[in-house]
Amino acid sequence: MSLEFATRCIYGNKEKFEKDLTGTISFPIYQTATYAHPEVGQSTGFDYSRLQNPTRQQLEKVVASLEHGIDALAFSSGMAAITALMEIFKPGDHIITDADLYGGSIRLFDNINEKNGIEFTHIDTTSVDVAEYIKENTKAIFVETPTNPMMNVVDIRKVASVAKANNLLLIVDNTFLSPYFQNPLDLGADIVIHSGTKYLGGHNDTLAGFVVTNSQEISDKLRFIIKTVGSGLAPFDSWLILRGIKTLPIRMEKSQENAKAIVEYLLSEPKVKKVYYPGIEGTKGYEISKSQARGFGAMLTFEVESAALAKHILKHTKLIPFAESLGGVETLLTYPCTQTHADVPEEVRIKNGITDCVLRMSAGIEDSRDLIADLKYAIDSYDGYKALYI
Ligand SMILES: *Cc1c(COP(=O)(O)O)cnc(C)c1O
């Protein structure tokens with residue numbers, strides 16, 4: 001018997017609450033670097049916190065259970081997780097990635113991994129035949145869905161079947177939907193990535209990252225890498241993410257509800273030219289989303305009529321901060337072209353639709369009426385502002 005998702009967010013996959021001597025309800029923070037051995041040749045299972053720490057291990061068990069993996073490894077950030085994962089490849093290997101990815105992932109691939117001899121081809125996996133880009137040295141396909149920031153939806157089952165047929169690993173960055181809405185391992189992926197900084201933590205207060213897998217061989221390689229490179233998550237940060245996960249289901253539901261209300265308002269706003277959200281019926285990603293995910297999430301992107309208006313909105317919302325990151329209880333607005341995607345070459349950025357008129361929003365869990373009023377105030381005040389300054 002396996003427990004339901006919301007219960008596993010609180011207890012992991014243990015079917016019985018295991019009381020320790022104190023009866024503590026909150027899992028303790030084991031703030032220790034090292035552990036005493038019972039005698040020579042024996043270990044408590046914990047030797048040194050770079051390798052294992054009970055608080056980190058509890059978090060890893062919960063995340064593995066939420067993503068239906070056999071193992072999850074917790075790193076000090078999402079980028080630390082992806083960096084460690086890239087160590088399973090070697091010089092001469094080729095990896096196909098989606099062209100519309102988190103800017104930091106592209107920066108890592110094109111500047112660090114490529115320098116170390118790994119080759120990358122970035123393609124729009126939502127519109128081309130991925131199989132055509134496979135070479136003799138191709139080892140993996142790396143996608144993110146919905147993509148950041150354009151909200152394209154990658155058909156995970158379809159890409160997984162190409163990967164399987166060609167003996168490639170499929171890696172899916174599942175940060176945007178969280179395991180509450182989507183489980184890529186069930187759809188054929190081999191490895192799932194999370195920036196735990198986002199929905200898993202959920203409070204814009206802690207950096208964390210995860211690699212989850214259902215392969216023992218990959219898990220063994222990653223356990224060797226984490227103990228060697230030393231980028232595992234600290235005990236206190238592990239505890240903060242454990243605490244965040246307890247409310248993941250209710251946060252995901254509320255922030256999705258807010259995103260839907262904001263999308264509805266933006267679609268009715270004449271100064272907004274386009275809204276990108278997979279939950280808009282009739283759009284390319286809608287049907288695929290419905291077939292592979294349990295929800296559309298709370299991330300949305302919209303294009304306004306001019307760059308001047310985009311900048312005006314960022315400066316004139318009273319409540320919603322102009323800040324990077326996403327997935328927290330606070331609604332945030334960002335400007336991908338100068339912030340999250342500043343390091344993506346301009347021609348690639350424009351080709352992907354990330355113009356200077358595009359804004360990205362992460363809906364939080366406030367009252368949506370306040371959020372819409374704030375956005376409306378920022379948009380409506382633009383005409384008066386123009387009259388004043390032009
Ligand atoms: C934020 C993010 C990352 C990087 O995670 P950090 O925790 O900021 O290092 C990777 N992928 C996606 C989709 C992200 O949103």
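Order of listing sets the numbers, starting from 1, for every ligand and every atom in it.
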Inset, instruction - For the pair Tyr277 and Phe302, evaluate ring-ring contact (aromatic ring centres under 6.0 Å, His included) and give the outcome as yes or no after the intermediate values. - result: CA-CA 9 Å; Tyr277 181 67; Phe302 57 103; over 10 Å; no
Legend entry - Electrostatic pair Lys164:Asp190 at N-O distance under 4.0 angstrom: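 Asp190 and Lys164: salt-bridged.
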Legend entry - Ion pair Glu257/Lys260, N-O distance below 4.0 Å: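 No.
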Are there any N/O pairs under 3.5 Å between ligand 1 and the protein, and if so, what are their distances?
unit_1	atom_1	unit_2	atom_2	d
ligand 1	5 (O)	Ser195	OG	3.0
ligand 1	7 (O)	Gly78	N	2.8
ligand 1	7 (O)	Ser195	OG	2.8
ligand 1	7 (O)	Thr197	OG1	2.6
ligand 1	9 (O)	Gly78	N	3.0
ligand 1	9 (O)	Met79	N	2.8
ligand 1	11 (N)	Asp173	OD2	2.7
ligand 1	15 (O)	Lys198	NZ	2.8

Inset, instruction - May I ask you to list the residues sharing a hydrophobic cluster with Ile123, side-chain cutoff 4.5 Å, ordered by chain and number? - result: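 Besides Ile123, the cluster holds Ile96, Val128, Val130, Tyr133, Ile134, Ile141, Val143, Val154, Ile156, Val159, Val162, Leu168, Leu170, Val172, Leu187.
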Legend entry - Non-neighbouring partners of Arg223 that pass side-chain hydrogen bond (donor to acceptor under 3.5 Å, both in side chains), sequence neighbours left out: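 So Arg223 forms a side-chain hydrogen bond (donor to acceptor under 3.5 Å, both in side chains) with Glu60, Asp71.
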Legend entry - Pairs where residues 79-96 contributes a residue and the test salt bridge (Lys or Arg N to Asp or Glu O under 4.0 Å) is met, not counting sequence neighbours: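 Every pair satisfying salt bridge (Lys or Arg N to Asp or Glu O under 4.0 Å) with a residue in residues 79-96: Lys90-Asp93, Asp93-Lys139.
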